[in-house]
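Have a look at the structure below before the remarks.
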Amino acid sequence: FLSTKLVVMYAKCRSLREARKVFDEMPQRNAVSWTTMIAAYAKHGKAEEALKLFNEMKENGVEIDSFSFASVLPACSKLGSLDQTKRVHEEIRKRGIEDNVFVGSGLVGTYVKCGSLEDARNVFDKMPEKNVVSWTAMITGYAQNGKVSKARKLFDKMPERNVVSWNAMLAGYVRNGIVDQALRLFVKMPERNVSSWNAMIGGFSQSGDVKTALEFFEKMPSRDVISWNTMISAYAQNWDFNEALNMYRQMQEAGVQPNSATFASALPACANSAAVQQGKEIHDDFRRSGLGRNLFVGSALVDMYAKCGSIEDARKVFDKMPERNVVSWTAMIGGYAMNGNGKEALQLFKEMQRSGVKPN
RNA sequence: GGUAACUCAAA
């Protein structure tokens with residue numbers, strides 16, 4: 001069908017809305033159009049929507065194949081619910097497609113992100129054929145959960161490696177604070193991409209070596225938005241707030257489109273230096289960016305206004321947030337406490353508990 | 001014609 005191709009096209013051009021419009025108006029939807037929409041939502045981080053569509057697909061009696069499962073698994077990863085993932089896994093088993101390498105690798109990664117290394121390893125061991133993606137997903141599982149040597153054993157054992165596998169191992173060393181090993185890999189790897197460089201910059205930043213982080217940033221062949229965000233964070237987290245804001249400005253001059261992480265990285269620099277004027281400018285930039293509301297940016301804004309003493313503005317942002325978690329609540333409550341308004345702080349604390357958010 | 005793995009962010 002022609003409209004199926006249209007949905008695919010719009011989804012590829014990352015125009016979710018347009019794709020959905022065509023999808024909704026289609027006279028007949030097949031497995032391809034359903035899967036395309038599910039994958040598009042998952043890619044945009046809209047996990048609930050992806051799962052909703054997946055369930056609707058089942059209700060409509062459309063056949064769910066390995067493509068559909070592999071597409072919905074990233075949404076399960078984002079939700080992080082082990083129960084949800086086990087339910088999907090059960091459906092996969094029932095349909096007898098757990099041997100598919102895309103489905104298997106997806107399951108490994110999803111179990112990792114739901115915090116169950118055991119289930120991940122189980123699926124991994126049972127896979128009749130593994131490819132570089134399956135191996136890399138398993139390595140990431142160990143590497144990101146404090147088991148670097150297990151990760152390294154797998155890494156050395158895997159039949160073939162690509163740049164992503166090298167990056168996964170490198171990131172594992174970084175995550176566990178072993179920057180020298182990360183650097184050793186970085187030097188040794190047969191090819192590097194922008195992610196490899198970004199990971200190293202993050203590693204140096206994490207160990208407090210902003211100087212070397214900057215050297216790598218300047219030396220790398222090309223920089224993407226993550227490179228810039230990492231440097232902004234590097235300065236902000238190492239108490240050089242002016243340089244953080246400087247990087248933010250340079251990024252704009254370089255014509256790089258900021259994303260939500262950019263704002264969430266730059267705002268703490270204003271918060272911690274009580275730079276309310278710059279904070280307001282960044283708030284304006286965010287509104288003008290056309291990026292949708294974001295939990296991280298919302299919390300960073302609340303914290304920025306609160307720490308700058310503009311408690312009213314903090315509350316305005318807080319009230320407009322569509323979703324709040326313990327970080328947003330804590331930022332707001334802390335703001336009132338700092339302001340000497342213990343009464344309002346206490347009241348909000350109770351309100352937070354009433355809304356089902358647990359303090360930590 | 002649709003699918004899986006790596007790097008950045010808030011109290």
Side-chain angles (χ1 to χ4, degrees), chain A residues 1-9 11-12 30-40 42-43 65-74 77 100-110 112-113 130-141 143-144 161-172 174-175 182 192-203 205 224-234 236-237 258-268 271 294-304 306-307 325-335 360:
Chain A
F1 252 114
L2 204 63
S3 33
T4 302
K5 295 193 189 232
L6 259 183
V7 175
V8 173
M9 206 190 78
K12 276 219 169 89
N30 58 19
V32 174
S33 41
W34 279 98
T35 304
T36 304
M37 281 310 305
I38 293 170
K43 193 172 293 176
D65 59 13
S66 55
F67 285 78
S68 330
F69 280 111
S71 303
V72 80
L73 282 169
S77 298
N100 178 285
V101 69
F102 280 75
V103 172
S105 310
L107 271 174
V108 171
T110 303
V112 164
K113 267 134 204 155
K130 309 182 202 1
N131 62 14
V132 63
V133 177
S134 340
W135 284 88
T136 305
M138 198 63 240
I139 287 167
T140 298
Q144 299 293 322
R161 289 167 274 277
N162 62 16
V163 65
V164 177
S165 344
W166 283 88
N167 286 346
M169 193 61 236
L170 193 161
V174 166
R175 160 67 71 104
R192 289 167 276 278
N193 62 14
V194 73
S195 300
S196 329
W197 287 88
N198 291 343
M200 281 312 305
I201 294 171
S205 161
D224 64 6
V225 61
I226 297 187
S227 325
W228 286 94
N229 293 351
T230 307
M231 276 313 300
I232 294 171
S233 271
Q237 284 165 3
N259 62 16
S260 298
T262 311
F263 296 101
S265 307
L267 284 165
N294 174 289
L295 189 55
F296 284 59
V297 176
S299 307
L301 280 169
V302 169
D303 188 55
M304 183 276 291
K307 289 205 172 113
N325 65 7
V326 65
V327 177
S328 4
W329 281 98
T330 306
M332 192 65 247
I333 293 168
N360 61 9

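Quick note on labels: first sequence line is chain A, next is B, and so on, each numbered from 1. Quick caveat, the model's predicted, so the values are computed rather than measured.
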Inset, instruction - Give a yes or no on whether the backbone of A/Leu170 and the side-chain of A/Asn167 come within a donor-acceptor separation of less than 3.5 Å. - result: no
Legend entry - Whether A/Asp303 side chain and A/Ala306 backbone form a donor-acceptor pair below 3.5 Å: no
Inset, instruction - Establish whether the base of B/A9 is bridged to the side chain of A/Ser265 by a donor-acceptor pair shorter than 3.5 Å. - result: no
Inset, instruction - Using only heavy-atom distances, determine whether the side chains of A/Asn198 and A/Asp224 contain a donor-acceptor pair under 3.5 Å. - result: yes
Inset, instruction - Summarise how protein sits on nucleotides 2-7 of chain B as a single string, 5' to 3': B when a protein heavy atom is under 4.0 Å from the base, S for sugar-phosphate-only contact, - for no contact. - result: BBBBBB
Inset, instruction - Check for a donor-acceptor pair, side chain of A/Asn193 on one end and backbone N or O of A/Ser196 on the other, with a separation under 3.5 Å. - result: yes
Inset, instruction - Send over the distance from A/Asn30 CG to B/G1 C1', rounded to a whole Å. - result: 9 Å
Inset, instruction - Indicate, with a heavy-atom threshold strictly under 4.0 Å, whether A/Ala261 touches base, sugar-phosphate, or nothing. - result: base
Inset, instruction - Pick base, sugar-phosphate or nothing for A/Ala264, based on heavy-atom distances below 4.0 Å to the nucleic acid. - result: base
Legend entry - Atom-pair distance (CD on A/Gln237; C1' on B/C8), nearest Å: 10 Å
Inset, instruction - Check for a donor-acceptor pair, side chain of A/Ser71 on one end and backbone N or O of A/Phe67 on the other, with a separation under 3.5 Å. - result: yes
Legend entry - Donor-acceptor contact below 3.5 Å, side chain A/Ser233 vs main chain A/Thr230: no
